[in-house]
Every structure is written in structure tokens, then in C-alpha cells.
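Beneath this line is the structure, given in C-alpha cells, with notes to follow.
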Amino acid sequence: MCRISTRPISILITRPLQYHRTLWLFALVLVVCLAARTAAGQAPGFRWAGDSEGGAPFVEADPSHPDQQVGFDVEVAALLARGLGRTPQFVQIMFASIDQSIVRGDADIGLSGVEDTPTRRAALSLTIPYYRFREVLSVRTADLPRFRTLADLRGRKVGTLSGTIAYEILLRAEKEYGLAAVSYDDDVHPFSDLVLGRVDAVLLDHVLAERRMRTLPGFAVQPGAVAIGHYVGALAPDQAGLRDRCNDILRGAMRDGSLERIFRKWRVWNDDQPALYARMLAGESVPPVVILDGPGGGNADALESTATVSRWAATRRYLPSLVRASVVTLILSCLSMALAVALGIVIATGRVYGGRTLRLGLIAYVELIRGTPILLQLFVLYYGLADAIRLPAFIAALLGLALNYAAYESEIYRAALEAVSPGQLEAARTLGFGERQILTIIRGPQALRLALAPMTNDFIALLKDSALVSVLTVMELTKQTQIFASNLGSWVIPGALCAALYLMMSLPLAALARRLERRWKAPTS
Amino acid sequence: MNTNAILELRDVHLRRGPQAVLRGASLTVGQGELVVIMGPSGSGKTTILRAIAGLEPFQAGQVAVEDVSLSAGDLSATPGGRAALSRLRRKVGLVFQFHCLFEHLSALDNVCLAPVHVHGVARDAAGRRAHELLKALGVEHRAEALPRELSGGEAQRVAIARALAVDPKVLLMDEPTAALDQQRREELGVLLRGLVGQGRTLLVVTHDEDFAASFATRVLRLADGRVSA
């Protein structure tokens with residue numbers, strides 16, 4: 001199960017390198033690789049993928065040795081490596097990407113609270129389960145008597161991690177019980193938002209809930225489980241041989257108490273595990289998920305996998321939600337851009353016409369915004385200021401994007417205002433126009449024509465940057481696509497659909513901008 | 001100010017950084033005159049027009065147009081100075097060497113703009129007046145064209161129409177013949193004499209000797225920052 005994840009933002013910077021420099025660099029890399037291989041020595045590596053951003057008890061950076069990892073999955077990986085006669089090598093992979101990375105061959109096995117799901121069973125080689133967890137409902141302490149089950153949460157918001165069994169349960173509960181599922185990218189903010197009142201309950205596995213309860217007061221866990229699931233190791237589909245050897249090692253560890261010692265050390269051992277181990281040692285299989293309280297209760301197949309239906313059927317199933325997410329993206333982008341343009345004009349006008357103090361203040365704002373990541377600004381706006389002002393997610397997203405883009409827009413408008421020929425301004429002055437009239441009648445309209453092309457560019461960029469607001473639980477197009485792809489076990493169809501929807505939004509904008517540019521350049525007669 | 005004078009410069013000193021451009025420039029222009037100022041490039045001809053139009057502050061001296069006086073210093077920095085500039089600009093029109101028509105507006109809108117937004121003339125009335133001016137200057141057929149679609153001569157006529165639309169007492173013109181061929185110069189000269197015939201006062205700076213000889217009522221020379229007859 002996973003922890004705080006950050007969206008990768010890649011910026012390609014191309015720098016010319018001279019030929020001899022390239023050769024030196026190549027030689028250096030070669031020497032380092034050879035040295036590393038020699039140092040690694042005799043035991044080949046056992047590369048295991050996990051996400052260390054979330055924290056114990058799964059995988060986290062050791063507080064006293066931050067370059068090393070600790071957690072029960074770290075010890076399970078070491079146990080497997082030992083049994084295989086190999087050296088464990090940790091590979092940091094964002095939780096949501098572990099499946100795809102395993103298929104790509106980035107690591108031999110994924111171990112980071114990886115849930116046993118029908119999708120994974122269809123797409124990967126999974127080890128036997130090594131830990132049984134319960135999906136539990138966390139509510140504010142005062143709400144313990146009234147929010148006991150999902151059915152009690154009609155019309156309420158319930159948070160969870162996206163791409164998990166809990167999220168699938170909540171999606172079905174939306175239809176059956178009329179609650180609203182709120183998707184998070186990490187397992188910290190669902191609980192803090194629960195305490196703040198942004199959501200009314202959180203559905204997540206008991207390991208995460210109990211861990212958060214130890215550090216965050218104000219909520220409690222309902223005793224009854226909503227569902228039962230298991231953690232497994234995930235291997236590539238063609239690694240059945242390695243998977244079987246891992247299974248043998250896990251069974252041995254169940255038998256000799258090694259696994260129990262690991263889980264007791266991390267304070268997650270409970271009475272569910274002996275029952276699981278007994279079935280595993282008896283060679284029995286277990287269903288990936290058992291729903292106890294929720295839609296399809298008691299039915300192990302309630303969470304029918306997207307991966308088990310045909311791709312086209314899955315596409316038809318997800319298309320409406322992708323279209324809805326596109327509408328959210330479009331509305332959010334349009335409103336944010338409108339606000340960014342208005343703020344940008346005010347800032348640019350202040351920069352050009354304002355006094356020294358005002359100009360310095362505006363420069364500071366622009367540089368602060370341009371010099372810090374938009375993700376950080378979104379987090380501060382939504383979570384950092386939550387004690388002072390509790391903005392709804394959509395409003396925080398809108399403001400975050402608008403405040404960020406206003407800084408960039410203001411620079412475009414300032415440059416455009418300053419690009420208007422001084423002769424134009426002097427001609428207006430000799431005709432008796434005041435400075436405000438000159439700005440609104442002469443300078444502003446001419447600057448707008450100069451700014452149109454970069455503005456269009458920015459609007460299209462904002463349309464895509466709106467994907468970042470999924471960290472504030474806003475379900476926009478990219479986030480919905482990510483969920484679709486995770487459940488489908490492939491990015492091909494979801495990626496193509498997502499690209500098509502973005503293009504359907506951005507191409508008309510570009511066409512409109514070109515039309516305006518032509519119109520403003522064309523003869524009026 | 002002399003009894004018949006409509007425009008007067010008295011001992012104007014204007015510096016740009018270390019360079020003294022005007023060093024005690026004085027001149028007087030009477031009602032209905034077409035006065036031409038000549039001088040070599042860089043002698044300060046354009047600067048004189050800019051000082052009269054209130055576009056460039058001067059360090060000493062005085063500019064007077066009828067009953068409005070501009071004193072030395074940055075007039076745009078004080079309420080009194082801004083009021084004086086506003087009154088002056090109702091009396092003086094300036095046609096720039098490169099016309100400076102508003103690039104985003106048609107020729108007609110260029111002419112209408114100041115009457116409507118500065119003088120509060122109704123849009124219809126301003127439009128009719130603009131058409132009359134464009135017709136009188138021979139460019140009515142280009143009323144809907146944007147400045148970049150006009151030839152140099154057409155743009156200049158539109159710029160003159162724009163300046164005349166606010167009915168200034170004095171029309172200042174900067175190098176009006178610079179981009180014109182011989183025939184267009186003749187036409188422009190006739191046009192300007194016609195304006196003088198209607199009682200307007202023109203102050204033109206140029207280095208076109210033939211134009212000055214043919215059409216000026218008086219020619220002044222500018223050298224070393226001073227004006228002489």
C-alpha cells in the first residue's frame with residue numbers, strides 16, 4: 001500500500017557536449033560500472049521495488065541512516081533474497097508504478113504493501129499472500145456511534161488511496177449507498193482531512209489506520225472490517241519459476257516463525273495471520289478480496305476486475321467517467337485561466353505604472369511563484385493553510401492554478417505593454433488622452449494582440465498542468481486515466497483515450513487563437 | 001506675447017543628459033502663418049516641436065500658446081502642470097514624422113477617437129466630421145483601412161486629419177515631406193496652404209529647402225540650439 005507519491009515532472013534540457021567530453025564521460029561511467037560490479041562480488045542482486053516515501057511499517061528511509069530502508073517489507077525482501085542466495089537491492093519506484101515497472105523489468109519483485117487483486121492476478125505472477133489485512137472504516141471520534149458502516153455514510157465524503165481495493169469498494173458504494181468517494185495520492189492526508197472535517201470517513205487497511213492513529217488524535221477505527229485482503233509479492237508474468245521459489249521460501253518462513261517474528265517486531269502481528277498461514281501451508285488458495293460490509297457483501301467476486309473483462313468492455317465502462325473528468329478539467333482550466341488573466345493584467349499594470357514600493361511587492365510575488373514548484377503551492381494552499389482557512393478542494397485547485405499562472409501571465413502582459421511603441425503613447429498624449437485612457441483604449445488593446453499567442457500557449461499548458469490538482473483530491477482527466485490504467489493493467493487504451501480527450505480540448509483553443517490572430521491582422525474593409 | 005502672436009517660445013533651454021539641445025531658443029508665430037523651421041540634422045528641430053506639444057520637459061524658459069503657458073520642469077508631475085498640459089493640448093495638434101497612427105484602429109477610427117473620448121463628441125457626429133476631413137484630404141476611400149495598409153502619403157493625410165479633428169489652433173508638423181516624392185510634396189504644400197487659408201496656424205520643421213521656399217510664409221533657421229530668422 002502506498003504512501004506519499006509525487007507526480008514525476010520531467011524537463012528535458014538539451015545541452016551540446018563536445019565530442020571529447022562525451023568520450024571522457026562514457027569512459028568514466030564504464031569504469032564506475034565495472035567497479036560496482038566487482039564490488040558487488042559474488043552474490044547476484046535481488047532487485048526488489050518499493051516506495052519509501054510513505055513510511056513504516058512497510059518501507060521507509062531509516063531515520064539514523066537515511067540512505068538505507070527499514071520496514072517489514074524490507075525484511076521480507078531480505079528473507080527472500082537470503083533464501084535465493086542473492087543480495088537484496090532496493091529499487092525506489094513510485095507505488096502507483098510498481099506493476100508497470102515489474103513488467104518492464106526494472107526490478108525482480110514488487111513488495112510495498114502490494115495488494116492481491118483480480119487485476120494483478122490476471123496481469124502478473126503473484127506470490128502467495130504473506131499478510132492478511134482488514135479494510136477498516138476510520139471516523140472522527142464523535143461520529144463513532146453514527147457512522148458504523150458504509151451504508152451509514154449516504155451523502156457523505158469518504159476518502160481513500162486511489163488505485164486500491166478500498167477505492168474500488170468506495171466506487172461501488174457510491175452507486176449503492178450514495179456516498180462520495182474522495183481519492184488521495186497518499187495515505188497521510190485522508191486522515192488529516194478526516195480530522196479537519198473535509199471528509200467524514202476514511203476506508204483503508206488497518207495497518208495504515210492504526211499507524212496514523214498513533215500520531216494523529218481525533219479519529220477512531222470502527223471495530224468491524226469492511227473487507228479482507230492480502231499483501232503479496234508481484235513478479236513479471238514470465239517469472240513463474242522465480243515466483244515458485246519465492247513461494248517456497250515464504251512457506252518455510254511461515255512454518256519456522258520467521259515471518260511472525262518480522263511482523264511482531266513491526267507490531268502488526270495479529271490473530272488473522274496464523275489462519276492465513278495454515279491455509280497457505282495446506283496448499284489452499286484464498287480469494288483476493290472478501291467483502292464483509294459493503295456492496296456485494298459476502299461475495300468474493302464482488303470486485304470484478306477490469307482486467308478480467310475485455311479491453312473494449314472496460315473502455316466502455318470507463319469512458320463516461322473519463323468524459324466527466326474531462327469536463328472537470330475543462331471547467332477548472334477555463335475558470336483558472338480567466339482568473340489568472342485578470343490577476344495578470346492587474347500585476348502587469350502595477351509593474352508598468354505603479355510606484356516603487358508596489359513594483360517591488362509585485363516583483364517579489366512573481367519571483368516567489370515562479371521560483372517554487374506549483375505542487376508545493378497547491379499543498380500549502382490546501383493543506384498548509386487548512387488551520388486558518390479550509391478551502392474546498394475545487395476552490396483550492398482553482399486558486400492554486402490561477403495564482404501560479406497569474407505570475408507568468410503578468411510577465412507576458414508587462415512585456416507586451418512595454419513593446420507598444422512609445423510613439424503610439426505620445427500621439428495619444430498630444431491628442432489629449434489621459435494615461436488611464438491611453439492604457440484602456442490604445443496601449444492595452446495593442447498589447448493584447450501581442451500577448452495572444454503566448455497566452456494561448458499558456459492556456460494549453462494550464463489545461464495539462466491541471467492534472468497536478470489531483471493531489472488535492474480533485475478527480476480530473478489524468479487522475480481518472482491513471483486509475484483506469486491501474487485497473488486495466490495497461491496504459492495503451494487509457495493513454496490513447498486520455499490523449500484524445502486532451503486534444504479535443506486543446507485543438508479548438510489553438511484554432512480559436514489562430515482565428516483571432518488572423519482577424520486582428522486582416523484588413524477590416 | 002505679441003498682440004498677433006498665437007505661439008511663442010521664450011529663451012527655452014533643454015538638455016538631454018550632458019547634451020544641450022536647445023540653448024535659449026525663442027520664436028514667435030502669428031495667427032494664420034505657415035512658419036518653417038530649417039536646420040541640419042540633429043539641430044533640435046523635432047525637439048522644439050516636442051517641447052511645444054508638452055512631450056518633453058525643458059529646464060528653463062517658457063512656451064505659450066494663446067493664453068496657456070508652459071513653464072520649465074516636469075509638468076506631468078504636478079496637478080497644476082497636468083492641467084496646463086491638458087489645456088495646451090486642446091490648442092495644439094502634432095503630426096509626427098512617422099505619423100504614429102494607432103495601429104489597431106482603422107483610419108476612420110483614428111480620426112474619430114479623440115473627439116469621442118477626449119472632447120465628448122457623439123460618435124455619429126464625430127464620424128461625420130471624420131469623413132469630411134478624410135474627404136477634404138483625399139483619403140476618404142481609405143477610411144476603413146488599417147494604418148499598415150496605407151501608403152506613406154495616405155498615412156500622412158490621415159495623421160493630418162486626426163490632428164485637425166480636434167480643431168487645434170496650431171498645427172505642428174515634423175518633416176512632412178520626408179517620405180514623399182516631388183508630386184506628393186507639391187500636393188501637400190497646396191493642402192497646407194489651404195489650411196492656412198482657412199485661418200489655421202502651422203509650424204513645420206523640415207530640411208526641404210524647395211518646400212520651404214515654395215510654401216512658407218516665413219522661414220526660421222535653427223543652429224546651435226538657437227533660432228534665427
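Here is the naming used below: chain letters follow the sequence lines, and residue numbers restart at 1 for every chain.
The stretch residues 425-443 of chain A places A:Glu426, A:Ala427, A:Ala428, A:Arg429, A:Thr430, A:Leu431, A:Gly432, A:Phe433, A:Gln437, A:Ile441, A:Ile442 near chain B, each with some heavy atom under 4.5 Å from a heavy atom of that chain. Residues of residues 86-105 of chain B that come within less than 4.5 angstrom of chain A, heavy atom to heavy atom, are B:Arg89, B:Val92, B:Leu94, B:Phe96, B:Cys100, B:Leu101, B:Phe102, B:Glu103, B:His104 in numerical order. The stretch residues 397-412 of chain A places none of its residues near chain B, where near means some heavy atom under 4.5 Å from a heavy atom of that chain.
Under the side-chain hydrogen bond (donor to acceptor under 3.5 Å, both in side chains) criterion, B:Arg16 pairs with B:Thr47, B:Glu56, not counting sequence neighbours.
Contact annotation for B:Arg82: neither backbone nor side-chain heavy atoms come within less than 4.5 Å of a heavy atom of chain A.
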